[in-house]
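Right, one structure below, let's go through it.
Starting from 1, each residue takes its place in the sequence as its number.
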Amino acid sequence: MPPPALHHPAKPPDSPADDSDSDLEIDLEELDPHADTAAQQSRTGFLGGQTRDTVEQRAPRIALRTLRMGGLRRGAKRNGYGELGSSRDGAGEDAESQLREGDASNPRYLDASAGGDDAPLLSEHGQGTAKRRRSYTSGSIRSLGLRLPRFLSTASANQHNHDHERDKEDDDPSSSRLVAVGSTQSTRFPPNSVSNAKYTAWSFLPVTLYNEFSFFFNMYFLLVALSQAIPQLRIGYLSTYVAPLAFVLVITLGKEAYDDIARRRRDNEANSEEYTVLHFDEPGKAVAGVRPKKKMKMKSTHGRKGAKRHVLERDRLSDIQEEEEQMEGDGRRRSVWGVSEISKKSKDLKVGDILKLSKGHRVPADVIILKCISNDAATQKDDEVAVPAEEPLLLDHALDSGEGSSGIDAIAEDGQAEADDDSNGETFIRTDQLDGETDWKLRLTSPLSQQLATEELVRLRVTGGKPDRNVNEFVGTLELLPSREDAMSSAPLSQFDDSLSRAAPLSIDNTAWANTVIASHATALAVIVYTGPQTRSALSTSPSRSKIGLLEYEINSLTKILCFLTLGLSIILVAFQGFSNTKGNIWYVKIMRFLVLFSTIVPISLRVNLDLGKSVYSYFIQRDPGMPGAVVRTSTIPEDLGRIEYLLSDKTGTLTQNEMEMKKIHVGTVSYANDAMDEVSAYVKQAFHPAPSAGSPNNATLTTPSSSLSSAAAASAGATRTRREIGSRVRDVVLALALCHNVTPTTEEEEDGRMVNSYQASSPDEIAIVRWTETVGLRLAHRDRKSMVLESTETGRTVVKIRILDIFPFTSEGKRMGIIVQFYERLQPGVPAVGSGEMWFYQKGADTVMGAIVAANDWLDEETANMAREGLRTLVVGRRRLSAAEYQEFAATYQEASLAISGRESGMQAVVSRYLEHDLELLGVTGVEDKLQKDVKSSLELLRNAGIKIWMLTGDKVETARCVAVSAKLVARGQYIHTVDKLRRKDAALEHLDLLRSKPDSCLLIDGESLSMYLTHYRTEFIAVAVLLPTVVACRCSPTQKAEVAKLIKEYTKKRVCCIGDGGNDVSMIQAADVGVGIVGKEGRQASLAADFSIEHFFHLTKLLVWHGRNSYKRSAKLAQFVIHRGLIIAVCQTMYSIALKFEPEGLYKDWLMVGYATVYTAMPVLSLVLDKDVDENLTNLYPELYKELTSGRSLSYRTFFVWVFVSVYQGCLIQGLSQLLTKVDGPRMLAVSYTVLVLNELLMVAIEITTWHWVMVVSIVGTFLMFVGSVPFLGAYFDLAFVLTWGFYWRVAAIGAMSLIPTYAAKVIQRTMKPPSYRKVQGI
């Protein structure tokens, strides 16, 4: 109760305080502008809820109806709307002051001619209520000749908004937040934009340059290039050293920039997605005398009888009650805000915006669902507006008691129609992109907001906690305040009038997090509370990072060895000459010059060749016809595809399609599957054939469980007793499955305009079962909270109708759901009495719990085990008949248990177990298959044979994960599955690890709670055991846990880890992996956008790894070694030359000869090695064991490296040594022979190393040779061209080349013969 005001000005007599037929009256003093406070106290007491008797003890009164109803009704007849409550104000000294303090848009005065005897005595101003109507007084105002002033209230409000925007404070993410619904926030929150980009415009150069120069050989060449700025160290052209480094940096930075721009382009697509946002227009902006038309008309009232009258009456009632609130308040005005719909891009959405979401919409930010509006009801909005004038104006029952109503009651009454029947504040969302769970989640609205008119939502304020990554928890408060200004303030609720404000709690059931999808047909209105980086999805996602392949690290290590060899060689050569310093001969300068001369040992062209090779591999992957839609998003790590040892996979949408299908049903003596389902249909057709009705079809006889089979079935020839018994059992189990569920039938409109029936439920299993009952002849036609109707699919006639008495929903602890139903015996209106029809308790659940509930039998365990081995999800179905007395006794006890303060849940479950869950008649067992993605079984088997250990990490339930692991052949037939769930004790955790050590070939199935304990307390012990197991299945995993597991495997094993997923909940895992693969999912592309490689189907992964991964790694390994060989051999030649010159640091090949050797004369043949392949694709699929060799890294190891070093030293010494021996040491003849042999040696070495020839290889080798021959005439500055044309030149080149190549080739042939590689063995099979 608010404190009474010291002074309250007069209200105009037409201000309705009540619209009922009661004898409520008003003090005479109210007509006096100078009324005393006693009159105010009188009204305050009335509005506070006092009875009529209390009110009548006041001063003399005049009936309100006498003062205002006549003119009111006359106005209603003119335009169909009353003028009730359109403009009010509770402050002012007189009529003029009321005008000045009111809203300029709604001034009203009536002269005598307009109202006659019933005309209001004074006018009223202010802000209106939920329903805006045209004023019938504008003409009267003009006739009075009154000029209404432009009030200052609107201008001051606008000025306040501008100041408010300027004074915004930045959000503190560590504190809770207040969100004013539909209004501008006082705090600046982060923008709602998605970004998978690795760089910003400012960070690109610093970060990429740091990444490049963190590699040793890049830093080495930077130092070498800088050394050329010193004249004493300069050897040859400066561009010889600067240009290659600059080229490498431009190529690498360009590739990184291209990849990041592509990411930004994809992010922009997601950020530009359009959403409908409700915009609340200020009342002051309406035209004077005319109520603004509401642009958004969404009402959830339904087309039941009397709905039109109810709408109008409700509005008039709320108008009256709102006026009472104004009289009671302290002068505060409540505005009516016109609602319009505007379109906003996802990135422009802000905290406080109200989104209008419908089926299939992706939720762009974390929201609180305020209101759900039935689409069926929304279609009637036009009918609701056209209310006939002759409809009664007053409710005939609501206010007869004479009791006052608070503002909340008025709003609740005003929104009553919006909470009727279908629009009950419920919606379903799909969260598989967030947490991986396949079940739809039911989300509820708070009654406080559901019953509000849409334009009143601005009075709400949400209090939420700080941004949190926990997707399964939320605690908040929803507050309804007197006005929008109050909602935008930070004042606590206690400061406001208790009758005009109220609070309600918010939980996870009221939320929808970003990247979930609306699954229901109803339209949801939701307010944004967290945006962009503060959403649950973003907080669970690790930031993008630059990934560097394992081959890069290995080459980096090898170049360090080469650098030390260079330094050692330089010091040795200077040491042979001596460290004495003479004029122009300083020993450390000589060492530096030698280092520059030998810089080719660490070839800068290595990075160029490898980067070009990566681009070629990416091109092959994206153009592979066997992998349509494949995209390479990170082109720096294709070689790692050939080194994977651990594969971490999501389940939903990755291994499975998240589509359930009923595959098998067992009724005790007979099992039905596949084609045998036709026999089930025949039994159902006979059992549910509607009996002919003698009377009206509305009074037809319905089927009940006790009904005998139809006469047609009984009279059929050959209907033996056994077949009749089987038919009866089939009928019972089909009926049980058609009734025992939480499925609701809906109608959807297809793209072509056709209407099709569909189903909504939290579990896809239940939808699959109800779809199956429809295929066999029993369709769910209608479902609400109290009843269910089943139709025959053949005839379309209703055959079963039941009343729902109780529902016991499925829980993860109980693993079962039950329902008590009462059957209608005839199709007649009304609800049957409790004892008039058959009552049955149906229950279905997991075999582990139902085995103890159903009556004793000898087949349940065997059949459930058989179905489980097939990977089917089993449900056991049972029933029990209840008498009226049994049900009434149960209901009374259950009601009593539900009122207990402590132990309520356990008490209610105990009552159900005592009265219902025992000795159930076992009806049958169903087997539902979670459809696997195409070729998943063969793909997983191939990857296992390739030596890859596969882990499945999912957010789904334990039972679901087990079934999929079996059906996908992730777990071998007969393999022991060790389950660890709900682990809370540390000693038990160690016991499980000891057991797993003794069974290294078992499969570990662990839930998120237990995994969290291991990761917290026994991190190293757990991973040491887990990495040895062939398969690990982790369920109920959060996105953070998935990423943590990936990082832990990487840290502990130092092996390459690949993660694959399709949902937003997999992004963290994908980014944490060495190689992240995203599948383009049905519900979004978030995972594929954040991944390094994007594919369309899981089975494409085998080709990506086994074929493209193998080729990328083998080719890059060969390419790297050849480039090192090319640089090392020329350094050996330089060493031999320096030794011959008495250890002087003079260059052998200078200027163009050095540049040409590394580019024009050898580049293309060496680069053509990226087209080489040792085996064809069919062999890699036929012998996946070939992949195992790649993971050991033998293609590029220290052993192969030193073999190539030996070959380089041998060939370099031979080429330069013999060139110097067969010609003189220094001169153009020696240079011509040496350089020619060097170039031909490289070309022929490439030819020797090629396994499978490609036409590009032939062209590059032959073309390069011809290019060298053609360029010789232009090398007169270096060669003796006259000597080149003599036979002496040719036999020297041939002899030296033969001595260099023949031993090398012979050694290679001998090794292949004595110890052939695996690919040679399979090629010979």
Side-chain angles (χ1 to χ4, degrees), residues 551 554-555 558 603 605-606 608-610 612-614 616-617 620 639 642 1110-1130 1132 1157-1158 1161-1176 1179 1186 1189-1190 1193-1212 1214-1215 1237-1265 1268 1297-1321 1323:
L551 189 76
E554 291 172 343
I555 292 175
L558 298 181
S605 59
L606 178 59
V608 179
N609 282 276
L610 288 177
L612 291 175
K614 294 175 193 291
V616 173
Y617 310 147
F620 286 153
E639 298 91 356
R1110 176 185 184 84
N1111 287 338
S1112 299
Y1113 172 60
K1114 296 279 282 187
R1115 290 166 176 172
S1116 283
K1118 185 178 288 188
L1119 182 64
Q1121 291 172 136
F1122 228 97
V1123 173
I1124 291 173
H1125 163 74
R1126 187 179 65 184
L1128 195 57
I1129 192 173
I1130 200 171
V1132 173
Y1157 174 76
Y1161 300 142
T1162 59
M1164 285 307 297
V1166 172
L1167 189 59
S1168 70
L1169 288 172
V1170 300
L1171 302 174
D1172 191 21
K1173 55 184 180 182
D1174 52 1
V1175 292
D1176 60 22
L1179 280 177
L1186 292 172
E1189 293 183 348
L1190 306 179
R1194 293 178 184 174
S1195 297
L1196 182 62
S1197 61
Y1198 288 117
R1199 177 179 172 276
T1200 57
F1201 169 71
F1202 284 111
V1203 167
W1204 277 99
V1205 168
F1206 174 76
V1207 170
S1208 301
V1209 171
Y1210 165 75
Q1211 291 184 334
L1214 201 65
I1215 291 171
V1237 174
L1238 190 64
V1239 171
L1240 293 179
N1241 182 79
E1242 282 302 301
L1243 297 180
L1244 293 173
M1245 282 293 290
V1246 169
I1248 291 172
E1249 287 298 317
I1250 290 175
T1251 307
T1252 306
W1253 283 88
H1254 190 280
W1255 66 268
V1256 174
M1257 297 175 177
V1258 177
V1259 170
S1260 62
I1261 292 175
V1262 175
T1264 300
F1265 174 72
F1268 172 71
M1299 295 180 68
S1300 170
L1301 289 168
I1302 291 176
T1304 306
Y1305 181 70
K1308 186 179 181 72
V1309 171
I1310 292 171
Q1311 183 189 18
R1312 285 184 177 178
T1313 305
M1314 301 296 293
K1315 191 179 179 181
S1318 299
Y1319 70 86
R1320 286 284 179 182
K1321 295 177 183 178
Q1323 282 177 334

Fill in: Derivation of the side chain to side chain contact (heavy atoms under 4.5 Å, CB included) call for L1238 and Q1211
CA-CA 9 Å; L1238 190 64; Q1211 291 184 334; over 6 Å; no

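- Between T1304 and I1248 the shortest side-chain heavy-atom distance does not fall below 4.5 Å.
- Rounding to the nearest 0.5 angstrom, the gap separating the NZ atom in K1308 from the CE atom in M1245 is 8.0 Å.
- Closest approach of L610 to S1116, counting heavy atoms only: CD2-O, 3.9 Å.
- Annotation: the span from L1190 atom CG to E639 atom CD amounts to 12.5 Å, rounded to 0.5 Å.
- Rounding to the nearest 0.5 Å gives a distance of 9.5 Å between OG of S1260 and CH2 of W1255.
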Practice prompt. Starting from the C-alpha separation in whole Å, work towards a yes-or-no answer on side chain to side chain contact (heavy atoms under 4.5 Å, CB included) for I1261 and W1253.
Written response: CA-CA 11 Å; I1261 292 175; W1253 283 88; 4.0 Å; yes

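- Between Y1210 and P1303 the shortest heavy-atom distance is OH-CG, 3.2 Å.
- A distance of 4.0 Å separates CD1 in I1215 from CG in N1241, rounded to the nearest 0.5 Å.
- Side-chain contact between L1171 and F620 is present, with heavy atoms from C-beta onward closer than 4.5 Å.
- Checked by atom type, the side-chain pair E1242/T1162 shows no donor-acceptor distance below 3.5 Å.
- Aromatic ring orientation, H1125 versus F1122: perpendicular (interplanar angle above 60°, classes split at 30° and 60°).
- At distances below 3.5 Å, not a single donor-acceptor pair connects side-chain atoms of D1172 with backbone N or O atoms of I1250.
- In plain terms, the two heavy atoms of G613 and V1170 that are nearest each other are CA-CG1, 3.9 Å.
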Discussion item. Is there a side chain to side chain contact (heavy atoms under 4.5 Å, CB included) between V1239 and T1264? Walk through the geometry before answering.
Written reply: CA-CA 10 Å; V1239 171; T1264 300; 5.7 Å; no

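- Of all heavy-atom pairs between Y1113 and G1193, the closest is OH-CA, 3.2 Å.
- By the 4.5 Å heavy-atom criterion applied to side chains, D1176 and T1252 are not counted as neighbours.
- Counting heavy atoms from C-beta outward, F1265 and L1240 have side chains that approach closer than 4.5 Å.
- Among Q1121, R1194, K1118, the one residue that satisfies the side-chain hydrogen bond (donor to acceptor under 3.5 Å, both in side chains) test with T1200 is Q1121.
- Heavy atoms only, all atoms of each residue included: R1126 and Y1157 are closest at O-OH, 3.1 Å.
- Across all their heavy atoms, A1163 and N609 have their closest contact at O-OD1, 4.4 Å.
- Each of R1312, K1114, R1115 was compared with D1174 under the salt bridge (Lys or Arg N to Asp or Glu O under 4.0 Å) criterion, and only K1114 meets it.
- The distance from atom CD1 of I1129 to atom CD1 of I1124, rounded to the nearest 0.5 Å, is 14.0 Å.
- R1110 contributes atom CZ, which lies 12.0 Å from atom NZ of K1173 (distance to the nearest 0.5 angstrom).
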